[in-house]
Amino acid sequence: MDQQSDSLFSFSERARQLTSSAIREILKVTERPEIISFAGGLPAPEGFPVQAVQAAYDRVLSTAGRNALQYGPTEGYAPLRAWVAEHLSAQGAQVSPAQVLILSGSQQGLDLLGKVLIDPGSKVLVETPSYLGALQSFSLYQPRFKAVPSDEGGLLPQALTPELAADARFLYALPNFQNPTGRTLDLARRHALVQAAARLGLPLVEDDPYGELRYAGEPLPGLLALAGQAGANVVRLGSFSKVLSPGLRLGYLCAAPALIDKLVQAKQATDLHTASLTQMAVYEIVKDGFLAEHMPRVRERYRLQCEYMLQALSEHFPAQASWTVPQGGMFIWVTLPAHIDTTRLLAQAIERGVAFVPGAPFYAGGQAAHNTLRLSFVTVPQEKIRAGVQVLGELIAAYR
Ligand code: PMP
């Protein structure tokens, strides 16, 4: 666009603060087929149940085509809401269908939460580092981020002091295989976090798109489940993106009725409702237990990919580098010696045909660690994982 047409528009203050996501910019480069990209956060397409989706759309269109093509309620398709409530209840949370809002991707839930809970200058607590897409969504509403201190085990519940929590609109937490670090909060920390939040009157936003992708260790109850009857301060986000496919753009949110009411108003203003056909087709897929047979295959694929990358890292990365060993999900987080700036390293890596995401953009409300990076291992073929990790290892060893 030329200068003249640019100046035709007076952007809102909100929009003026928007910057393109570091990951999006990198992904543009990594679309080149010769690049080995550990940068994206895409699920493995081999796991997409194309036939099941096709059959479900056919069934819905042939048995309830007119309903599927009609407007629907903002809250979502009732049978799908009931399925979500049951699914979460089976994991120990006490959820009624009325507490479920169907979303056009769980990313929409982050935006809606920002819309109804954040004023300019509101304090929002985040893990450090945290999911970049959430930081972007919340940023549109101009919060003041405050980082909750964490260590290798994720966020530290004892760091949630009354002072830190005072007036915070919520704490955004990712207990399972966190994006970007792959870390999982252990059971003791989950209990402590839920108790601290209840004591401090702090709402918790639990984002769990990766929970079903556990391939090591024992499943742990989520924050909503642990909060039990007292769970009114916990909002839980879930997604079909990593269990079926992200292109469906289907997610859900579970919260106390008063919050659901507000979110429904905000969603109505945003998109009226999530696509009826998609909701009905996905319900058709999941209603008879499809996930129970489908997910083990997806988990096994991810487990092998993860194992392969961990092996390559231990062979090719210098001893001064360290990395997380995820129990599920899609990401490994690497910490390099302090003098290595991974944004500079990325430029060198791209010249050698390898991409990753530098860690700094994932930090908000505290100091960024410029010597960190995120590797995604699920979409790269195994022989390329090895080759790409070897290149990175050489660049790190030679870094000046
Ligand atoms: N939360 C986290 C932590 C994510 O990693 C993602 C996707 N990358 C989302 C939410 C959004 O997922 P979706 O909108 O596809 O449900």
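Start at 1 and go down the list; that is how both ligands and their atoms are numbered. The shown structure was predicted, so the numbers you read here are calculated from the model rather than taken from an experiment.
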Peer 1: Any ion pair linking Glu127 and Arg183 (charged N to carboxylate O, less than 4.0 Å)?
Peer 2: no
Peer 1: Starting from atom 12 (O) of ligand 1, find the nearest protein heavy-atom neighbour and note its residue, name and distance.
Peer 2: Ser106 OG, 3.2 Å
Peer 1: Going by the atom numbers of ligand 1, which of them fall below 4.0 Å from some non-hydrogen atom of Ser241?
Peer 2: 13 (P), 15 (O), 16 (O)
Peer 1: Number the atoms of ligand 1 from 1 as they appear, then name those within less than 4.0 Å of a heavy atom of Ser239, with their elements.
Peer 2: 13 (P), 16 (O)
Peer 1: Where is the nearest protein heavy atom to atom 1 (N) of ligand 1: which residue, which atom, and how far?
Peer 2: Asp207 OD2, 2.6 Å
Peer 1: Thinking salt bridges, do Arg303 and Glu300 make one under a 4.0 Å N-O criterion?
Peer 2: yes
Peer 1: Just jot down the ligand 1 atoms closer than 4.0 angstrom to any heavy atom of Pro209, in number order.
Peer 2: 1 (N), 2 (C), 3 (C), 4 (C)
Peer 1: For the residue pair Phe331 and Tyr210, does the interplanar ring angle fall in the parallel (under 30°), tilted (30 to 60°) or perpendicular (over 60°) class?
Peer 2: perpendicular
Peer 1: Any idea which protein heavy atom is nearest atom 4 (C) of ligand 1, and the distance to it?
Peer 2: Tyr131 CZ, 3.5 Å
Peer 1: Which residue holds the protein heavy atom closest to atom 5 (O) of ligand 1, what is that atom called, and what is the gap in Å?
Peer 2: Tyr210 OH, 2.5 Å
Peer 1: Below 4.5 Å, heavy atoms only, C-beta onward: do Ser89 and Gln94 meet side chain to side chain?
Peer 2: no
Peer 1: Compute the ring centroids of Phe170 and Phe138, then answer whether they are less than 6.0 Å apart.
Peer 2: yes
Peer 1: Do you see a donor-acceptor pair shorter than 3.5 Å between the side chains of Thr335 and Thr372?
Peer 2: no
Peer 1: Taking all heavy atoms of Gly40 and all of Ser376, pick out the closest pair and write down the distance.
Peer 2: O-CB, 2.9 Å
Peer 1: Could you list the atoms of ligand 1 found under 4.0 angstrom from a heavy atom of Leu174?
Peer 2: 3 (C)
Peer 1: What's the shortest distance from atom 7 (C) of ligand 1 to any protein heavy atom, and which residue and atom give it?
Peer 2: Lys242 NZ, 3.2 Å
Peer 1: Kindly check if the number of other-residue, nucleotide or ligand heavy atoms within 6.0 Å of CD (Gln367) is above 12?
Peer 2: no
Peer 1: Kindly confirm or rule out an N or O of Arg249 lying under 3.5 angstrom from an N or O of ligand 1.
Peer 2: yes
Peer 1: Using a 4.0 Å cut-off to any heavy atom of Gly105, which atoms of ligand 1 qualify?
Peer 2: 14 (O), 16 (O)
